[in-house]
Structures are given as C-alpha cells and as structure tokens.
Q: 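One structure is given below, represented as structure tokens, and several questions about it will come after.
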Amino acid sequence: MSGSPSAAEKKLLHYTGKAIADYRMIKNGDRVMVCLSGGKDSFTLLRILHLLQKRAKARFELFAFTLDQAQPGWNDSGLKAWLSETGIPFEVLREDTYSIVMEKIPEGNTYCSLCSRLRRGIIYRYAEENGFNKIALGHHRDDLIRTLLMSIFYNGEIRSMPPKLLSDNKRHIVIRPLTYCQEKDIIEYAREQQFPIIPCNLCGAQQNLMRQRVKFLIDTLAKENPKIPSNILHALQSIKPSQLMDKKHWDFAGLDALQVRGEEKTTEELPVFLEELF
C-alpha cells in the first residue's frame with residue numbers, strides 16, 4: 001500500500017516503537033527472526049518492523065520464517081509472492097507436525113497445546129542453527145490480557161505472555177513488539193494492506209475454546225467500560241506482591257518482626273484508649 005500512512009499504521013508504528021524502547025527488545029546488530037504464521041498478526045508485525053527498520057538508528061537484520069505444518073488446505077503461494085515483493089529475506093520450512101497432532105490428540109480435544117510445543121521446538125532449533133539471536137512473535141495487547149484471565153480462571157496462576165522472554169535453556173530471547181497494540185487496529189491494518197492471510201484450519205474447527213469464552217467476557221465488559229482492556233494490561237505492569245498471597249514473593253512470616261508496636265495498654269486503660277480512638 002503506497003501513499004501516506006493510515007491512522008492504523010501510525011498507531012501501530014507508535015505503540016510498537018514504544019514497546020521496543022520500553023523493554024529494550026531490539027539493539028544494534030541484532031538478527032531478528034520474525035515468525036510469520038500467515039495470520040493477520042504476524043503479517044502486521046513483519047510489515048511494521050520492516051518500516052521501523054528503515055527509520056531506526058540501530059541497525060538490525062530482519063528475516064521471516066514460516067513453518068508449513070502440512071495442514072490440509074495450506075497454500076503459501078500468496079505469502080511467498082508478498083515476501084518476494086517486499087524484499088525481506090525468508091524461508092518456508094515444511095515439517096509435518098499435523099500428522100503427529102492428529103495421531104496423539106483424541107478427536108474433539110484441543111490441539112493447541114501440542115501443536116504449539118512442536119512448533120516452538122522447530123522455531124528454536126532453526127533460530128539457533130541460523131544464528132538469529134531474537135525471535136519475534138505477533139502476540140498483541142488482547143492476547144496478553146486474555147491469556148492472563150485464562151491462566152487465572154483455568155490454571156489458578158497469575159501469568160501471561162511477557163514482552164521479552166529468555167528461554168529456559170537461556171539460548172533464545174523471544175520478543176513481542178505488538179505488546180501495546182490493539183487487535184482492532186491490527187484487523188483494520190490487515191484489511192488495508194490486503195495481506196494474503198492463510199487460515200489455521202486445525203484450530204478453527206473446534207468450538208467453545210477457552211480463549212473465545214474469555215474474549216467474549218472481556219468484550220462484553222468493555223462495552224460497559226471501554227477502559228477495562230487497558231486496565232488489565234496495566235495490571236500486568238503494576239504487580240503488588242504485598243497485596244497477593246504468594247509466600248515465595250512476600251515474606252508474610254517476617255512481618256511480625258517488622259511491626260512497630262505502640263505502648264502496651266492494660267485492661268483498665270482500654271476504655272480510655274478506645275475513647276481516644278473514636
């Protein structure tokens with residue numbers, strides 16, 4: 001899309017740049033591998049990072065990695081044509097994880113967990129073998145807040161998707177530059193840009209997924225109070241351990257030793273003391 005940037009593009013550039021700066025996601029000399037799934041979010045991420053790359057003071061490499069998981073109906077011809085036109089280096093790697101998922105997960109169950117684990121392993125291996133020190137994912141603000149509520153409701157944990165993550169083996173740094181971006185702006189931008197979207201047929205056929213229920217809940221509440229989604233995101237940035245119940249992050253047992261005690265009152269003095277209070 002040529003011409004002056006649209007309102008959606010300006011917003012996405014602003015909030016992506018702010019997230020990168022706030023969490024020091026990209027520095028000079030980084031080799032950034034963008035995971036391009038073929039969905040609206042990853043297309044938007046790659047496009048916005050490409051625009052920022054041209055204007056950034058820091059020089060960094062950008063590479064698009066697409067994993068063809070051999071799902072029925074997969075057609076990446078439009079994706080490859082789009083990438084070739086932009087001039088962004090890329091590779092589409094075919095790994096048949098679809099057959100593994102279908103074999104291991106009973107029909108009617110959620111495929112997402114196993115599918116994502118297999119995909120993550122391939123992505124990490126590819127990044128390491130090809131010398132990419134940053135892996136960029138397209139999760140946005142609404143993904144983060146939905147994940148938080150899903151974790152609370154269904155797993156009993158307060159956790160979400162961090163904007164910057166060091167993998168367990170400490171060999172990979174995962175970044176989410178769209179952390180501050182709203183899905184509605186991404187939807188609008190994808191429509192403007194006419195990205196060659198590849199639908200995910202594996203997950204789309206399953207009804208009543210937890211994420212859809214949480215999305216409906218947040219959207220319903222936001223109709224009454226539009227600030228609710230941004231408030232949830234702000235909550236992820238404003239943790240107060242003393243107001244929660246996790247003994248690993250707050251020394252409840254040690255509070256007694258820190259207590260400042262007033263003058264001891266005898267039983268006879270209590271009525272007078274209460275009068276002083278009230």
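Small disclaimer: the values here were computed from a predicted structure and weren't measured.
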Q: Flag the pair E128 and R171 as a salt bridge only when some basic side-chain nitrogen lies within less than 4.0 angstrom of an acidic carboxylate oxygen.
A: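 A salt bridge links E128 with R171.
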Q: Could you check whether any side-chain N or O of S99 sits under 3.5 Å from a backbone N or O of D96, counting only pairs where one atom can act as donor and the other as acceptor?
A: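 Not a single qualifying donor-acceptor pair exists.
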Q: Is the charged tip of R141 near the ring of Y180: under 6.0 Å from the six-membered ring centre and within 45° of its axis?
A: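 Relative to the ring axis of Y180, which defines the angle, R141 lies outside at least one limit.
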Q: Treating N155 as the side-chain partner and E157 as the backbone partner, does any N or O pair qualify as donor plus acceptor under 3.5 Å?
A: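 A pair under 3.5 Å: no.
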Q: Quick one: does any side-chain atom of R31 pair with a main-chain N or O of N130 as donor and acceptor, under 3.5 Å?
A: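 Present.
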Q: Can you tell me how far CG of L178 sits from CZ of R176, rounded to the nearest 0.5 angstrom?
A: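 R176 atom CZ to L178 atom CG measures 11.0 Å (nearest 0.5 Å).
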Q: Heavy-atom distance under 4.5 Å between the side chains of L93 and Y126, does that happen here?
A: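 With C-beta onward as the side chain, the pair touches.
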Q: Measuring only between side-chain heavy atoms, which start at C-beta, is W250 closer than 4.5 Å to L255?
A: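 A side-chain contact under 4.5 Å exists here.
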Q: In sequence, state the C-alpha distance, the side-chain angles, and the governing distance for W82 and F43, and then conclude on ring pair (Phe, Tyr, Trp, His ring centres under 6.0 Å).
A: CA-CA 10 Å; W82 184 87; F43 264 117; 5.0 Å; yes
Q: Looking at M161, is its backbone amide N or carbonyl O close enough to the side chain of T147 to form a donor-acceptor pair, meaning the two atoms are under 3.5 Å apart?
A: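 Checking the backbone N and O of M161 against the side chain of T147, no donor-acceptor pair under 3.5 Å is found.
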Q: Taking side chain as C-beta onward, heavy atoms only, is D41 less than 4.5 Å from H139?
A: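 No; the side chains remain at least 4.5 Å from each other.
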Q: Determine, for R125 against E95, whether the closest basic-nitrogen to carboxylate-oxygen distance falls under 4.0 angstrom.
A: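 Salt bridge: yes.
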Q: Taking atom CD1 as the centre, does I158 end up with more than 12 heavy-atom neighbours from other residues, nucleotides or ligands that are less than 6.0 angstrom away?
A: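 Incorrect, the count does not exceed 12.
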Q: Using the salt bridge (charged side-chain N to carboxylate O under 4.0 Å, His left out) rule, take K215 and D219 through it: C-alpha gap first, then chi angles, then the decisive distance, then the call.
A: CA-CA 6 Å; K215 177 184 183 301; D219 290 348; 2.9 Å; yes
Q: If we ignore hydrogens and angles and just use 3.5 Å, is the side chain of T66 paired with the main-chain N or O of L36 as donor and acceptor?
A: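 It does hold such a pair.
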Q: Can a salt bridge be assigned to the pair E183 and R146 using a cut-off of 4.0 Å between side-chain N and carboxylate O?
A: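 Answer for the salt bridge query: yes.
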Q: Donor-acceptor pair, D251 side chain versus G254 backbone, under 3.5 Å?
A: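 Yes, the answer is positive, given that a donor and an acceptor are paired below the 3.5 Å cut-off.
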Q: Under 3.5 Å, side chain of T86 to main-chain N/O of L83, donor-acceptor pair present?
A: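 Present.
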Q: Treating R191 as the side-chain partner and I186 as the backbone partner, does any N or O pair qualify as donor plus acceptor under 3.5 Å?
A: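 No.
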Q: Any side-chain to backbone donor/acceptor pair from T179 onto A19? Under 3.5 Å, distance only.
A: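 Not confirmed, T179 side chain does not pair with A19 backbone.
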Q: Whether the side chain of K134 engages the backbone of M25 through a donor-acceptor N/O pair (distance < 3.5 Å, no angle test) should be reported.
A: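 Side chain of K134 to backbone of M25, a donor-acceptor pair under 3.5 Å: yes, one is there.
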